[in-house]
K.L.:
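Structure provided below as structure tokens; questions to follow.
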Amino acid sequence: MQKRSNFTSKLGFVLAASGSAVGLGNIWRFPYLAAQYGGGTFLLIYLILAITFGFTLMIAEIALGRKTGLSAIGAFRSLDKRFGFVGILASAVPIIIFPYYSVIGGWVIKYFSVFISGGMGAAAEDAYFPTFISGALEPLGWFFLFIGATAIIVLLGVEQGIEKVSKFMMPILVVLTIFIAVYGLTLDGAMEGLVYYIKPHMADVSAKTILAAMGQLFYSMSLAMGIMITYGSYMKKDAHLESCVRQIELFDTGIAFLAGLMIIPAVFVFSGGNSDALNAGPSLMFITLPKVFASMKFGGVIGTAFFLLVLFAALTSAISLMETIVSIFRDKFHWSRKKACIIVTALSLALGIPASLGFGPLGFISWMKMSILDIMDFTSNSVLMPIVAFFTCIFVGFIVKPDLISTEVKETDGTFKAEGMFNLIIKWVAPIFLVLILVSSVASAMGIFVI
């Protein structure tokens, strides 16, 4: 039996788990969804869901990991063999996400290199991003670089790799986010964007907005993909689980809020609140923002700092994705960390290459108008993650019972302040929402209806 690695401190665990949660979901996805779905309305709904729904799922997953000392497959199977399939589905999520996430991580390195070398003007051109991703060799080169950097950190292990890198990167990420957000708010016209971002309009509340905010929770908080179970398995018993989850949640939601504060007012300054700019969607970071930076005084410096920030965020999440896959393989096959890292890297390269080439040489491959990368994203985020979260709720709520989680949470000092809320949401509220998310996502993708 291999000795289980551990985080050396509560701070190390919180920063590493926060690093997992804080990624492209916060810096890239959250701002464009907030811009699309009414600014303050989306923000308010997301905050409510984060402290209720998000807290419940995160504490359940971390507790399962610490209770069993195993990654997702082993954790579910050790408590009830009938639910081993949930661990398998959860394990499939990071295996699908990590390769295409690393492709996007490569794009971030590319843009950082362009800005730091003074190429901001070129990056602001409309055709720059589509031309870049439709190439073959250059996007692959940046993809290989990103996945290689991630593999080196994971190879070093939990204490020497993940924990040390997280302690270094996370404070820098926070400082950069605050710096760019504060600078953006000093620009003429930024206050209008600030009001749009923080002022809810109850007339904008809709089922679509609520489901979009709920879906963002998975992407943003690393839920339903085995990551928090894996990190929980590295957590020492003397760390108070409930307070750790609250701190992770505060860190993750705080960075998401600051990312919106950093981007949405800046887009207002550039566009005057033009709806096309606010509805730019996924292209906001790579097409709209370079234009925003190009229009700013000191835009080259701010843009460079921004893409460095995004790179750090992308790396911390990629590390957690890869570590989860490595942990699954080590638990299953009893491999050394080195062997597992090499095999996971090779597997991820094999899956990531088609995702990268799907915008160029393999662009003829599509399904329901989605590229290869989009198909991987849809399968993992819109289908598998709601299914995994649903069965996790059923497993905790009705099979092993919520008391199993409560006992684990109370291990340190006998307290679990949110136990009543946890029991209600895990058994009744979350499963209903998760079914709605799954049905809505699949139906919308198939063009049947949009809520």
Side-chain angles (χ1 to χ4, degrees), residues 24-25 28-37 42 92-108 110-111 125-136 138-140 142-143 206-216 218-220 224-225 274-291 348 350-387 434-451:
L24 292 175
W28 169 48
R29 200 170 187 266
F30 183 89
Y32 83 67
L33 285 174
Q36 274 185 310
Y37 290 101
F42 180 88
V93 174
I95 291 172
I96 296 170
I97 290 179
F98 179 54
Y100 81 76
Y101 192 95
S102 297
V103 171
I104 301 171
W107 299 349
V108 174
K110 162 69 175 177
Y111 270 70
E125 297 292 328
D126 285 334
Y128 188 83
F129 181 64
T131 301
F132 162 62
I133 63 172
S134 63
E138 189 182 7
L140 283 178
W142 295 113
F143 162 57
S206 66
K208 191 173 180 180
T209 303
I210 294 170
L211 291 174
M214 183 72 79
Q216 172 62 16
F218 295 112
Y219 205 98
S220 182
M225 55 180 85
N274 180 277
S275 60
D276 289 340
L278 291 174
N279 292 319
S283 67
L284 182 68
M285 186 164 74
F286 295 109
I287 296 178
T288 306
L289 278 179
K291 294 179 185 295
S348 301
L351 292 173
I353 288 171
S356 179
L357 297 179
F359 297 96
L362 298 182
F364 62 91
I365 300 174
S366 66
W367 178 63
M368 294 195 299
K369 298 181 180 179
M370 292 188 284
S371 69
I372 297 172
L373 188 150
D374 293 330
I375 293 168
M376 294 170 76
D377 179 66
F378 173 75
T379 303
S380 56
N381 286 279
S382 298
V383 179
L384 285 178
M385 286 163 69
I387 290 173
L434 289 162
V435 170
L436 289 174
I437 290 171
L438 179 62
V439 171
S440 174
S441 297
V442 173
S444 178
M446 295 178 70
I448 297 173
F449 66 86
V450 179
I451 293 177

K.L.:
Do you know which two heavy atoms are closest between Ala136 and Pro139, and how far apart they sit?
P.N.:
O-CD, 3.6 Å
K.L.:
Closest approach of Pro354 and Ala350, non-hydrogen atoms and distance?
P.N.:
CD-O, 3.0 Å
K.L.:
If every non-hydrogen atom of Ala224 is compared with every non-hydrogen atom of Met385, which pair is closest and at what distance?
P.N.:
CB-O, 3.4 Å
K.L.:
Are any of the side-chain heavy atoms of Pro290 and Tyr111 separated by less than 4.5 Å?
P.N.:
yes
K.L.:
What is the distance from atom CD1 of Ile353 to atom CG of Leu140, rounded to the nearest 0.5 Å?
P.N.:
6.0 Å
K.L.:
If you compare all heavy atoms of Gly352 against all heavy atoms of Phe143, which two are closest, and at what distance to 0.1 Å?
P.N.:
CA-CZ, 3.6 Å
K.L.:
Just checking, any donor-acceptor pair under 3.5 angstrom between side chains of Ser206 and Thr209?
P.N.:
yes
K.L.:
Quick one: does any side-chain atom of Ser102 pair with a main-chain N or O of Gly105 as donor and acceptor, under 3.5 Å?
P.N.:
no
K.L.:
Is there a side chain to side chain contact (heavy atoms under 4.5 Å, CB included) between Ile133 and Phe129? Walk through the geometry before answering.
P.N.:
CA-CA 6 Å; Ile133 63 172; Phe129 181 64; 3.5 Å; yes
K.L.:
Under 3.5 Å, is there a donor-acceptor pair linking the side chains of Asn381 and Tyr219?
P.N.:
no
K.L.:
Show the numbers, then the answer: is there a side chain to side chain contact (heavy atoms under 4.5 Å, CB included) between Leu351 and Phe98?
P.N.:
CA-CA 9 Å; Leu351 292 173; Phe98 179 54; over 6 Å; no
K.L.:
So do Met376 and Leu373 actually touch side chain to side chain, heavy atoms under 4.5 Å?
P.N.:
no
K.L.:
Ile375 and Met368: side chain to side chain contact (heavy atoms under 4.5 Å, CB included), yes or no, with the steps?
P.N.:
CA-CA 9 Å; Ile375 293 168; Met368 294 195 299; over 6 Å; no
K.L.:
Using the benzene-type ring in the case of Trp, are the ring centres of Phe359 and Trp107 under 6.0 Å apart?
P.N.:
yes
K.L.:
What's the verdict on side chain to side chain contact (heavy atoms under 4.5 Å, CB included) for Ser380 and Tyr100, showing C-alpha distance, side-chain angles and the deciding distance?
P.N.:
CA-CA 11 Å; Ser380 56; Tyr100 81 76; 3.5 Å; yes
K.L.:
Taking all heavy atoms of Met225 and all of Val93, pick out the closest pair and write down the distance.
P.N.:
CB-CG1, 3.4 Å
K.L.:
Please report the C-alpha distance between Lys291 and Asp126 in whole Å, then the side-chain angles of each, then the deciding distance to 0.1 Å, and finally whether the salt bridge (charged side-chain N to carboxylate O under 4.0 Å, His left out) criterion is met.
P.N.:
CA-CA 9 Å; Lys291 294 179 185 295; Asp126 285 334; 2.4 Å; yes
K.L.:
Out of Val439, Ile437, Leu438, which residue meets the side chain to side chain contact (heavy atoms under 4.5 Å, CB included) rule with Val435?
P.N.:
Val439
K.L.:
Between Phe132 and Phe286, does the ring-ring contact (aromatic ring centres under 6.0 Å, His included) criterion hold? Intermediate values first, please.
P.N.:
CA-CA 11 Å; Phe132 162 62; Phe286 295 109; 8.4 Å; no
K.L.:
CD1/Ile97 to OG1/Thr379 distance, rounded to the nearest 0.5 angstrom?
P.N.:
10.5 Å
K.L.:
Taking all heavy atoms of Pro386 and all of Ser382, pick out the closest pair and write down the distance.
P.N.:
CG-O, 3.6 Å
K.L.:
Just jot down the salt bridge (Lys or Arg N to Asp or Glu O under 4.0 Å) partners of Glu125, sequence neighbours excluded, or say none.
P.N.:
none
K.L.:
So, Tyr101 side chain and Pro94 main chain: donor-acceptor pair closer than 3.5 Å or not?
P.N.:
no
K.L.:
Please report the interatomic distance OG(Ser366) to CZ(Phe364), rounded to the nearest 0.5 Å.
P.N.:
10.0 Å
K.L.:
To the nearest 0.5 Å, how far apart are OG in Ser441 and CG in Leu211?
P.N.:
7.5 Å
K.L.:
Return the CZ to OG distance between Phe378 and Ser444, rounded to the nearest 0.5 Å.
P.N.:
8.5 Å
K.L.:
Can you tell me which residue among Ile104, Val108, Leu289 is in a side chain to side chain contact (heavy atoms under 4.5 Å, CB included) with Trp28?
P.N.:
Ile104
K.L.:
Does Gln216 reach the main-chain N or O of Arg29 with its side chain, forming a donor-acceptor pair under 3.5 Å?
P.N.:
no
K.L.:
Does Tyr37 have Lys208 sitting over its ring (NZ/CZ under 6.0 Å from centre, angle to axis within 45°)?
P.N.:
no
